[in-house]
Structure formats: C-alpha cells, structure tokens
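Everything on this sheet refers to the single structure shown next.
In each ligand, atom 1 is the first atom listed, and ligand 1 is the first ligand listed.
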Amino acid sequence: MSEPKQLFVNLFEMACVSHITHGLWPLPGNNRERFADLDYWLELAQLLEDGGFDGIFLADVIGAYDVFRGGPETALREGLQSPNLDPLLLVPAMAAVTERLGFGVTFSTTYEPPFAFARRMSTLDHLTKGRIGWNIVTSYLPNAARNFGLDGEVPHDVRYRYADEYLDVLYKLWEGSWDDDAVVADRASGVFTDPSKVRYIDHVGERFRVAGPHIVHPSVQRTPTLFQATGSPAGIEFAGRHAEVVFTGGRTSDEFRRNADGMRDAAERHGRERDDIRFIAMAGVIVGRTQEEAEDKWRLYREHASLDGILAHSSLPVDLTAFPRDITVREALARADFPASKVPYLPLDTTVGAALDFIKQGRDERFLVVGDPKTVADEIERWLDEDGLDGINLRQYHSFDTARDFAELVVPELRRRGRLPQEGEVSGTLRERLFGAGRSRLPERHIGARYRGGANLDAPVEPLRLDFEHAASF
Ligand SMILES: Cc1cc2nc3c(=O)[nH]c(=O)nc-3n(C[C@H](O)[C@H](O)[C@H](O)COP(=O)(O)O)c2cc1C
C-alpha cells in the first residue's frame with residue numbers, strides 16, 4: 001500500500017495587529033499587539049517548530065488601505081495591515097532559535113529594483129541554511145504606487161510583464177553569476193574567490209539594466225523556493241513559468257481542482273512537469289477538545305469580527321453599509337454608479353443586509369473546519385485526498401491560541417494517521433521539504449536553471465504571452 005499523502009503546514013502571519021481576521025485583536029489573551037516586540041516572533045517560532053509546523057508565512061503590503069470610504073481612516077482605526085513591519089527583517093531572529101522551521105516572505109516586484117532584493121534573499125538563504133521562500137507579489141494597493149513615485153497603479157497585466165523581467169534578472173544573479181566552487185578561501189595562497197568563476201550578467205531589458213556580478217556567493221538553494229498567489233489569466237501564466245508553490249482557493253472542490261489544473265497546464269506549456277507546482281490554500285481550522293468547545297470559539301470569533309475591517313480590506317469602493325439593508329446589492333451598486341461586473345464575488349440579488357451578514361460570517365469557504373480533533377483530521381484528509389491540496393496556510397484568529405490548538409490537538413492526530421512527519425523526521429532545505437530530498441535547487445527544466453554555469457546570459461527569453469482581456473484586480 002502506498003504511503004498516505006502528507007500535509008505541509010504554514011502559519012499565516014503578518015507583522016501587524018490585524019492581518020485577515022479583523023476585529024479579533026482585542027480578544028482576551030490575544031498577543032497581536034506585541035507584533036513589534038522581537039520576543040513575540042521568537043516565542044512564536046519556537047512554538048511552531050516544537051508544535052510540528054513546517055513553516056511560517058509572512059504576508060506584506062507597502063501601502064495603506066485607503067479605497068474604502070475614500071481614505072485610510074477605517075484601516076488605521078482597525079489596525080488593518082498598518083502599522084506593519086518589514087517581514088524580511090524578522091527572519092534571521094526566528095532562524096536563530098529554530099533549526100527546521102521554513103520561512104515564506106512576501107516581496108513585491110513592482111516598486112523596488114531587483115539587485116538589492118537578490119542580495120537580501122541570498123543573505124537570508126545563507127543565514128537560514130536554505131529555509132527561505134519568497135512569495136512573489138506584484139502589489140495591489142493604489143496607495144503603494146503613490147509611495148513609490150507613481151500617480152496610480154501599474155495596470156494589472158503590465159505588472160506581471162515587469163515581474164517576469166524582474167525574475168529574469170534574479171535568475172541571472174542567483175543561478176548564473178557565480179559557479180558553486182568560486183569561493184576558494186585558501187589561506188595558503190590568500191585567494192578568497194577565484195575570479196574566473198564569477199561573471200557579470202549585463203542584463204539590458206525593457207525595465208532594468210543590471211551589470212552584476214551578484215554581490216553574494218551561492219547559497220544553499222540559490223533561488224529561494226518560489227511562492228505565488230494568483231487566480232487571473234496573467235497570473236496563472238506567470239505561475240506556470242515560475243511558481244513552485246501556489247496559493248489558490250475555490251469555494252468548492254471542483255473550483256479548486258479547476259484552478260490547480262489550469263496552473264498545471266500552464267506549467268507544461270513552460271516545459272515543466274505537472275507536479276512541479278504544489279498547491280496550498282488558506283485554511284481556517286477551529287479546533288476544540290469537543291465539538292461544542294470548537295463551536296463556542298467559532299461563535300466568539302464571528303461575534304467579534306469587524307465588518308468595517310473586512311470591507312476596508314476588500315478595497316470595495318462602494319460602502320454598502322451606507323445603503324438601506326432591504327434593497328438588493330445590485331440596486332445599491334447601480335445607485336453608486338458602480339459596475340456589478342467588477343464584483344463577481346458579491347451575491348448581487350440578495351439584500352444589502354443579507355450580503356453584509358454573509359460577508360461578516362465568512363462561511364463560504366471550502367477550507368474551513370470547526371470541530372474536535374477527529375472531525376478536523378477527517379476533513380483535512382478530504383482536502384488532501386479528494387481536493388488534491390498539498391498544504392495549508394493556517395488562518396489565525398487568536399495569537400497564539402490558533403497555533404497552539406493546532407499543535408496540541410491536530411498535529412498528534414494527523415501524525416497518528418501518517419499525514420504529518422513524526423517528530424524528528426524533518427530535515428533539509430525548504431525546497432526539499434516540499435519536493436523531496438536532493439532537490440535543494442531549481443530543477444533543470446525550470447526556466448531559472450537555464451543560466452547555470454553562465455550559460456544563456458545573453459540569449460533573450462521569449463516574452464511571457466499576457467495578451468488577455470483582464471480588467472479585474474484583487
Ligand atoms: C492567500 C493569499 C495571500 C496573499 N498575500 C499577499 C500579500 O502578502 N501581499 C500582497 O501584496 N498580495 C497578497 N495576495 C494577493 C496576491 O498577490 C494577488 O494580488 C491576488 O491573489 C490576485 O492575483 P491575480 O490578480 O493574479 O489573480 C495574497 C493572496 C492570497 C490568495
């Protein structure tokens with residue numbers, strides 16, 4: 001009999017008070033307001049490693065949420081992703097108190113040039129001994145654009161075209177600029193680096209000119225493990241070329257499988273294998289010693305959920321709370337002169353009141369389970385076997401109760417069922433943890449590997465075809 005498929009578990013985090021579960025930070029015992037205290041991250045990292053988590057995943061944004069009600073006031077009042085610390089700087093501290101925990105950090109390709117970022121990631125890969133992953137985002141907040149000298153957002157698909165060139169520069173630096181044996185460190189001769197094994201990259205593209213050589217020698221993974229979250233046609237094409245782990249969702253199993261298959265098809269179009277991408281979903285797991293205890297927690301979280309926080313986070317420009325509760329959402333959007341086609345996720349023919357209640361409840365999710373350890377483990381097994389999910393980003397409702405509950409109640413049950421590695425069984429780089437021992441580096445068939453040994457540095461890459469009609473943004 002084949003071994004059961006195992007789950008990859010990240011805690012979903014962000015260095016702010018209110019990341020995705022708005023309104024919950026003031027709950028008794030919640031540590032969220034300590035996010036700027038280094039001890040918060042050290043305690044959390046140790047809890048996660050000891051508790052059987054594979055990684056911590058750090059989200060990031062570089063601007064304020066100021067679309068809802070035309071300003072940042074709601075977001076600031078809620079602590080909604082602002083104030084927000086730089087996630088890259090938290091990693092070395094957490095790495096110092098752990099040995100196995102993986103780190104996924106978010107960084108945007110749209111506003112800061114690639115050379116300095118390549119250096120920071122190589123540094124983190126060295127310091128963590130190959131435990132670093134990068135969540136590639138192109139940023140979606142209009143305010144972010146205004147923070148970096150632009151009047152407004154770069155159009156959605158253009159952001160992905162820029163991101164593609166950004167990745168090209170990074171691969172040249174990470175994969176092509178230095179040979180593995182370039183560092184000699186020979187005391188007798190006093191030679192530290194063999195200059196014949198280090199080269200300029202001389203990248204000249206649409207957006208970037210980067211001479212190189214890379215200023216950091218090769219790290220364990222060279223290219224960090226590449227994560228991405230997407231659902232748009234342009235994003236899927238980009239993921240097919242680059243991503244190794246994709247966050248995707250879906251309200252039903254079928255929708256999830258269709259999304260994943262679309263990305264596997266895209267991977268094949270780019271010369272990769274279908275299982276070169278792992279799929280991770282954001283998941284809510286509310287567990288108690290009994291079903292009743294879990295239901296009580298879930299009720300508490302829903303009672304305290306902040307509708308304003310959720311709406312400000314969604315950046316919906318129409319303030320539905322300003323309309324009578326008994327008219328339909330379609331009617332409210334028409335009165336606001338806002339096209340209903342731009343909000344396909346809203347239930348247009350229900351009343352505004354029902355829609356707001358629905359948004360606040362947060363129940364329409366495939367990857368949400370509330371129950372005792374057995375119920376939760378049964379459901380997670382369905383996600384793995386029936387939906388084809390590989391891992392989860394655990395949504396936090398309460399810090400550290402969410403992570404501690406999962407560690408104490410769910411991990412032992414999943415281990416008993418062979419769905420998580422046993423304690424002490426885990427080792428290797430982040431990429432090896434996801435794809436198996438011996439795969440610390442990008443496989444040869446990945447586009448980033450084409451520069452190995454300095455090959456192809458002056459051969460242009462076929463541009464990513466992004467000629468889709470796509471107006472929606474996140
Ligand atoms: C689970 C998840 C996590 C995300 N985390 C971030 C983040 O930390 N920072 C960010 O700018 N965007 C984040 N996004 C948004 C994505 O980067 C992207 O903008 C969104 O998925 C829409 O992509 P698309 O337009 O290609 O479909 C996240 C999305 C999902 C689903």
- Item | Distance-only polar pair, side chains of Asn31 and Ser399, donor-acceptor under 3.5 Å | no

- Query: Considering only heavy atoms of Asp60, which atoms of ligand 1 have at least one such atom less than 4.0 Å away?
  - Reply: 7 (C), 8 (O), 9 (N), 10 (C), 11 (O)

- Message: Between ligand 1 and Phe238, can you find any atom pair, the residue atom being a heavy atom, that is separated by under 4.0 Å?
- Response: no

- Message: Please verify the inter-ring angle class for Phe57 with Phe227; under 30° counts as parallel, over 60° as perpendicular, anything in between as tilted.
- Response: tilted

- With Glu255 via salt bridge (Lys or Arg N to Asp or Glu O under 4.0 Å) - residues at least two apart: none

- Note on the structure: In ligand 1, the atoms that come under 4.0 Å of a heavy atom of Gly231 are 24 (P), 26 (O), 27 (O)

- Query: Heavy-atom distance to atom 10 (C) of ligand 1: which of Tyr140, Phe107, Phe57 wins?
  - Reply: Tyr140

- Query: Excluding sequence neighbours, so at least two apart, what forms side-chain contact (heavy atoms from CB on, under 4.5 Å) with Thr74?
  - Reply: Phe68, Arg69, Arg77, Glu78, Asp308, Ala312

- Query: For the rings on Phe208 and His203, is their centre-to-centre separation under 6.0 Å?
  - Reply: no

- Short list, please: which atoms of ligand 1 are under 4.0 Å from a heavy atom of Tyr160? 23 (O), 24 (P), 26 (O)

- With heavy atoms only and a cut-off of under 4.0 Å, state how Thr106 meets ligand 1: side chain, backbone, both or neither. side chain

- Message: Counting only nitrogen or oxygen atoms and a 3.5 angstrom limit, does Asn393 reach ligand 1?
- Response: no

- Query: In terms of the angle between their ring planes, are Tyr111 and Phe148 parallel, tilted or perpendicular, with boundaries placed at 30° and 60°?
  - Reply: parallel

- Any N or O on Val61 sitting closer than 3.5 Å to an N or O of ligand 1? no

- Task: Would you mind running through ligand 1 and noting each atom that sits below 4.0 Å from a heavy atom of Val137?
- Result: 9 (N), 10 (C), 11 (O), 12 (N), 13 (C), 17 (O)

- Residue portion contacting ligand 1 (non-hydrogen atoms closer than 4.0 Å) for His156: side chain

- Query: Near Ala59, which atoms of ligand 1 are under 4.0 Å from a heavy atom of that residue?
  - Reply: 8 (O)

- Message: Under a 4.0 angstrom heavy-atom cut-off, which atoms of ligand 1 come close to Ser232?
- Response: 24 (P), 25 (O), 26 (O), 27 (O)

- Query: Is it true that Glu379 and Arg366 make a salt bridge, defined as a side-chain N closer than 4.0 Å to a carboxylate O?
  - Reply: yes

- Can you tell which of Arg264, His446, Arg445 makes a side-chain hydrogen bond (donor to acceptor under 3.5 Å, both in side chains) with Asp276? Arg445

- Note on the structure: Candidates Ile236, Asn135, Ile280; heavy atom nearest atom 5 (N) of ligand 1 found on Asn135

- Between Ile136 and ligand 1, does any nitrogen or oxygen pair lie at a separation below 3.5 Å? no

- Message: Any salt bridge linking Asp357 with Lys360? Criterion: basic side-chain nitrogen under 4.0 Å from a carboxylate oxygen.
- Response: no

